[in-house]
> 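Attaching a single structure in structure tokens format; questions to follow.
Throughout, a chain's letter reflects where its sequence line sits, starting with A, and its residues are numbered from 1.
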Protein chains: 2
Amino acid sequence: MTTTGQRTVAETARHPANRYGNRPTMKDVAARAGVGLKTVSRVVNGEPGVTPDTERRVQDAIDALGFRRNDSARVLRKGRTASIGLVLEDLADPFYGPLSRAVEEVAREHGALLINGSSAEDPEREQELVLALCARRVDGLVVIPAGDDHRYLEPEIAAGVATVFVDRPAGGIDADVVLSDSFGGARDGVRHLLDHGHHRVGFIGDQPRIHTAAERLRGYRAAMEDAGIATEDRWISLGVTDPVRVAEAAEAMLTGQDPVTAIFAGNNRVTVTVVRVLAEFPREVALVGFDDFELADLLRPGVTVVAQDAARLGRTAAERLFQRLEGAPYATERIDLPTRLIQRGSGELPPSV
Amino acid sequence: MTTTGQRTVAETARHPANRYGNRPTMKDVAARAGVGLKTVSRVVNGEPGVTPDTERRVQDAIDALGFRRNDSARVLRKGRTASIGLVLEDLADPFYGPLSRAVEEVAREHGALLINGSSAEDPEREQELVLALCARRVDGLVVIPAGDDHRYLEPEIAAGVATVFVDRPAGGIDADVVLSDSFGGARDGVRHLLDHGHHRVGFIGDQPRIHTAAERLRGYRAAMEDAGIATEDRWISLGVTDPVRVAEAAEAMLTGQDPVTAIFAGNNRVTVTVVRVLAEFPREVALVGFDDFELADLLRPGVTVVAQDAARLGRTAAERLFQRLEGAPYATERIDLPTRLIQRGSGELPPSV
DNA sequence: TTGAAAGCGCTAACAG
DNA sequence: CTGTTAGCGCTTTCAA
């Protein structure tokens with residue numbers, strides 16, 4: 001601790017004790033500057049109607065005391081917190097990094113802060129988090145839902161908390177949602193494999209209670225059906241996407257009778273695990289994954305993917321949120337963002353058996 | 001909008017207008033339940049001293065009105081916000097995902113929410129963000145600094161905002177800091193290359209004003225010196241780590257007279273760019289990178305790295321923060337976390353010229 | 001067991 | 001241009 005630091009402590013310690021570690025308030029500043037409370041407020045908020053001289057006296061007092069406006073009090077009075085909440089599945093998932101960054105960027109453009117939390121794909125934890133954010137009176141909420149029943153949000157939305165869902169739709173309530181075209185993307189990806197001569201195509205996806213997982217499975221089935229292929233149950237594996245289960249699933253469908261010659265992976269984690277399995281596998285197997293991921297182009301072969309634009313997803317949702325916050329109450333809307341097939345080699349391999 | 005939803009609107013609309021979208025307050029609940037304000041407060045906060053019967057009446061009123069406690073007001077009164085701020089460089093950077101997730105997890109264990117923002121490596125923006133968080137009266141702050149002068153934080157720290165720096169030390173103030181051993185890690189990585197027969201080893205790093213970048217450079221120089229090799233300026237490139245500059249730097253040191261036979265890359269972004277360059281390069285070049293990254297093991301050759309544990313960095317910092325928040329004022333501390341060399345092939349290649 | 005009153009630090013509304 | 005007053009919705013204190 002420097003000497004300067006210690007003097008600061010002594011200085012602030014002169015003020016009457018309160019719960020904020022003896023911080024000076026506008027009242028203290030007013031007393032020191034010899035002006036009224038409201039004048040301090042004017043200076044702090046850059047409102048007009050203060051003589052340069054007065055302003056300087058107030059500013060000096062602010063600097064001397066180390067005053068910083070207490071936004072908690074301000075919020076209480078103004079009713080707007082200038083903050084929005086973001087609830088997602090897992091901040092550590094590379095898919096959500098760009099998404100939350102995009103939301104943050106838009107929030108920043110609107111002078112708002114971002115409070116965020118991970119639901120860990122647990123509906124209860126999602127609700128807990130959302131309600132905690134509502135209790136803080138965030139102005140709005142961007143939610144990547146873990147659960148499928150969001151009726152608990154009804155009173156909040158009715159009370160004016162703008163809410164936009166991303167990546168998966170809300171359950172049981174009418175709300176804005178921004179989605180990638182999971183169905184179309186998966187269908188295109190599987191069709192791409194079929195176009196390259198495959199007939200036995202496997203699908204490894206997440207738990208079907210997750211909307212995107214169900215949609216992608218639907219896309220897979222649609223593509224197979226369009227091609228007149230009867231899918232076998234052995235080719236389809238759904239469940240949690242931890243590496244162990246996914247690796248076992250991949251190995252199972254790659255071996256035995258009538259093994260698959262191509263795999264469609266339902267999300268980035270699945271894709272990566274399948275790549276690991278295939279790296280050890282004796283036969284060449286074609287692969288298309290849903291979600292792009294870093295370095296997919298550097299692997300050999302490069303991994304063909306159905307890419308969705310996570311940043312755009314986040315930006316679109318956040319912009320929608322602030323439109324609602326600022327404007328008239330529009331009708332709720334569903335925004336579908338297109339996916340894009342990126343060919344890198346793995347999806348263009350021919351059947352090896 | 002369901003019928004239930006509309007009734008909720010009508011219901012809340014009866015309450016006197018305020019700034020929170022006509023939300024019921026404890027006063028409203030008290031009126032409806034026919035009890036005093038304080039009794040509602042007791043029920044809401046689970047305080048003892050309320051008859052089961054009264055409690056039920058209050059609870060019914062709460063449910064009927066859709067009441068949710070306004071934590072802004074609570075905060076104003078209690079002085080603690082139960083939230084901490086995290087300022088990092090870029091939420092979208094894969095290195096920070098696990099770190100912020102770890103911080104969030106610890107916050108959650110302590111019942112606190114996480115407010116975070118990206119500084120975009122801009123000192124002004126860092127300060128702006130930090131002060132905005134202080135104005136919100138976050139209880140504490142975890143900062144990955146972009147700037148190197150943090151004296152602006154002195155009054156805040158004196159006023160009781162617990163602050164822990166991560167990844168890089170604070171400038172101009174005395175504060176806790178949690179670091180990876182950049183110097184030792186880089187020295188070990190370079191030494192590893194030297195041990196495999198290299199003499200001309202290149203170093204591509206970030207701007208030396210960034211503490212970790214400077215430390216890693218120092219580690220590189222120490223290893224070279226220990227081996228009795230005089231480094232040439234041509235082998236060293238420092239600056240912003242955008243792909244274009246890094247690629248040019250790599251190509252420059254790989255060609256011309258006395259080209260390097262091995263490269264040490266100063267962070268994950270640099271490493272990835274160098275991998276791309278080497279993939280196109282006619283000669284085999286050894287590579288060790290600072291920071292681990294996903295799929296490094298799947299590339300051919302696998303990329304040898306000096307790994308730091310981002311999650312542990314975040315967890316350690318956050319735990320330190322809450323120790324401070326809860327306990328006596330310890331002396332500030334510097335915590336160094338070890339790095340780990342992970343051999344995957346690229347760092348074990350012999351010199352090719 | 002319950003409630004009335006005071007006040008957290010700020011801003012809105014209205015005087016001077 | 002400046003200051004005073006009255007809350008924002010909650011918790012604290014203290015009395016019933």
Side-chain angles (χ1 to χ4, degrees), chain A residues 12 15-58 61-62 65-82 134-137 159-160, chain B residues 12 15-58 62 65 67-82 134-137 159-160:
Chain A
T12 56
H15 302 288
N18 59 31
R19 289 333 214 285
Y20 293 102
N22 300 335
R23 269 166 175 287
T25 70
M26 282 192 181
K27 201 173 152 193
D28 300 320
V29 175
R32 170 143 188 161
V35 300
L37 180 56
K38 180 63 202 178
T39 301
V40 177
S41 172
R42 286 200 180 91
V43 172
V44 168
N45 297 305
E47 286 167 27
V50 183
T51 10
D53 181 53
T54 312
E55 176 164 358
R56 247 185 40 85
R57 290 219 322 284
V58 172
I62 288 174
L65 260 26
F67 168 82
R68 196 95 59 200
R69 183 181 66 198
N70 184 334
D71 277 355
S72 290
R74 175 170 224 243
V75 154
L76 179 59
R77 195 59 244 240
K78 301 203 75 151
R80 279 279 172 119
T81 56
C134 288
R136 294 292 167 99
R137 297 295 187 266
Chain B
T12 56
H15 303 288
N18 59 31
R19 289 337 212 284
Y20 292 103
N22 300 332
R23 271 168 174 286
T25 70
M26 283 191 180
K27 200 173 153 193
D28 299 320
V29 174
R32 171 144 185 158
V35 301
L37 181 56
K38 179 62 206 183
T39 302
V40 176
S41 173
R42 287 202 179 89
V43 173
V44 168
N45 297 306
E47 286 166 24
V50 182
T51 14
D53 180 53
T54 312
E55 176 163 358
R56 246 186 39 86
R57 287 213 330 280
V58 172
I62 287 175
L65 260 26
F67 169 82
R68 196 97 59 202
R69 183 181 65 197
N70 184 335
D71 277 355
S72 290
R74 176 170 222 240
V75 154
L76 179 59
R77 200 55 246 245
K78 301 202 75 151
R80 280 276 172 122
T81 57
C134 288
R136 294 292 166 101
R137 296 297 188 265

> Taking the side chain as every heavy atom from C-beta outward, state whether B/D28 and B/T25 have any atom pair closer than 4.5 Å.
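The answer is yes, as the side chains (C-beta and beyond) meet within the 4.5 Å cut-off.
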> With rounding to the nearest 0.5 angstrom, report the CZ to CZ distance, A/R136 to B/R68.
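One finds 14.0 Å between CZ of A/R136 and CZ of B/R68.
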> Between the base of C/dG9 and the side chain of A/R74, is there a donor-acceptor distance below 3.5 Å?
no
> Output the residues of residues 38-47 of chain B in contact with DNA chain D, where contact means a heavy atom of the residue under 4.0 Å from an atom of the strand; sort by number or write none.
B/K38, B/S41, B/N45
> Locate the shortest heavy-atom distance separating A/A61 from A/A33; write the atom from each residue and the value.
CB-CB, 3.9 Å
> Could you tell me the separation between the CE atom of A/M26 and the P atom of C/dG7, rounded to a whole number of Å?
20 Å
> Give a yes or no on whether a donor-acceptor pair under 3.5 Å exists between the nucleobase atoms of C/dG7, that is its base, and the side chain of B/R77.
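When only heavy-atom distances are counted, B/R77 does reach the base of C/dG7 through a donor-acceptor pair under 3.5 Å.
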> Measure CZ/B/R80 against C1'/D/dT11 and give the value in whole Å, please.
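Taking atom C1' of D/dT11 as the reference, CZ of B/R80 is at 16 Å.
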> Whole angstroms only, please: what is the CZ-C1' distance between B/R68 and D/dG9?
16 Å
> Atom CZ of A/R136 to atom C1' of D/dG9: distance rounded to whole Å?
15 Å
> For A/V58 and A/V29, work out which heavy atoms get closest and say how close.
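Closest pair (atom of A/V58, atom of A/V29, distance): O-CG1, 4.1 Å.
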> Can you name the residues that form a side-chain contact (heavy atoms from CB on, under 4.5 Å) with B/R69, not counting sequence neighbours?
B/M26, B/V44, B/N45, B/F67, B/D71, B/R74
> Let me know the distance between NZ of A/K78 and C1' of C/dA12, rounded to the nearest Å.
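After rounding, the reported distance stands at 9 Å.
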> Of all the heavy-atom pairs spanning A/V75 and B/S72, show the shortest one and how long it is.
CG1-OG, 3.2 Å
> Please state how far atom CG in A/L37 lies from atom C1' in D/dG3, giving the value in whole angstrom units.
9 Å
> How many whole angstroms separate atom CZ of A/R137 from atom C1' of D/dG9?
9 Å
> Within the structure provided, determine whether B/R23 and B/N70 are in side-chain contact (heavy-atom separation under 4.5 Å).
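Heavy-atom side-chain distance check fails, nothing below 4.5 Å.
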> Are any of the side-chain heavy atoms of B/L65 and B/R32 separated by less than 4.5 Å?
yes
> What nucleotide among C/dA12, D/dC10, C/dC10 has an atom nearest to a side-chain atom of A/F67?
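The nucleotide sitting nearest to the side chain is C/dC10.
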> Any idea which heavy atoms bring B/V35 and B/R57 closest together, and the distance?
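Taking every non-hydrogen atom into account, CG1-NH2, 3.6 Å.
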> State, to the nearest 10°, the angle formed by the axis through the first five base pairs of the helix from C/dT1-D/dA16 to C/dG16-D/dC1 and the axis through its last five.
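For the helix from C/dT1-D/dA16 to C/dG16-D/dC1, the axes at opposite ends meet at about 40°.
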> Listed in order of residue number, which residues of residues 50-58 of chain A have a non-hydrogen atom at under 4.0 Å from DNA chain C?
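Correct list: empty, so none.
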> Return the value, rounded to whole Å, for the distance between atom CG of A/L76 and atom P of C/dC10.
12 Å
> Is there any salt bridge (charged side-chain N to carboxylate O under 4.0 Å, His left out) pair reaching into residues 35-44 of chain B, and which pairs are they, with sequence neighbours excluded?
B/K38-B/E47
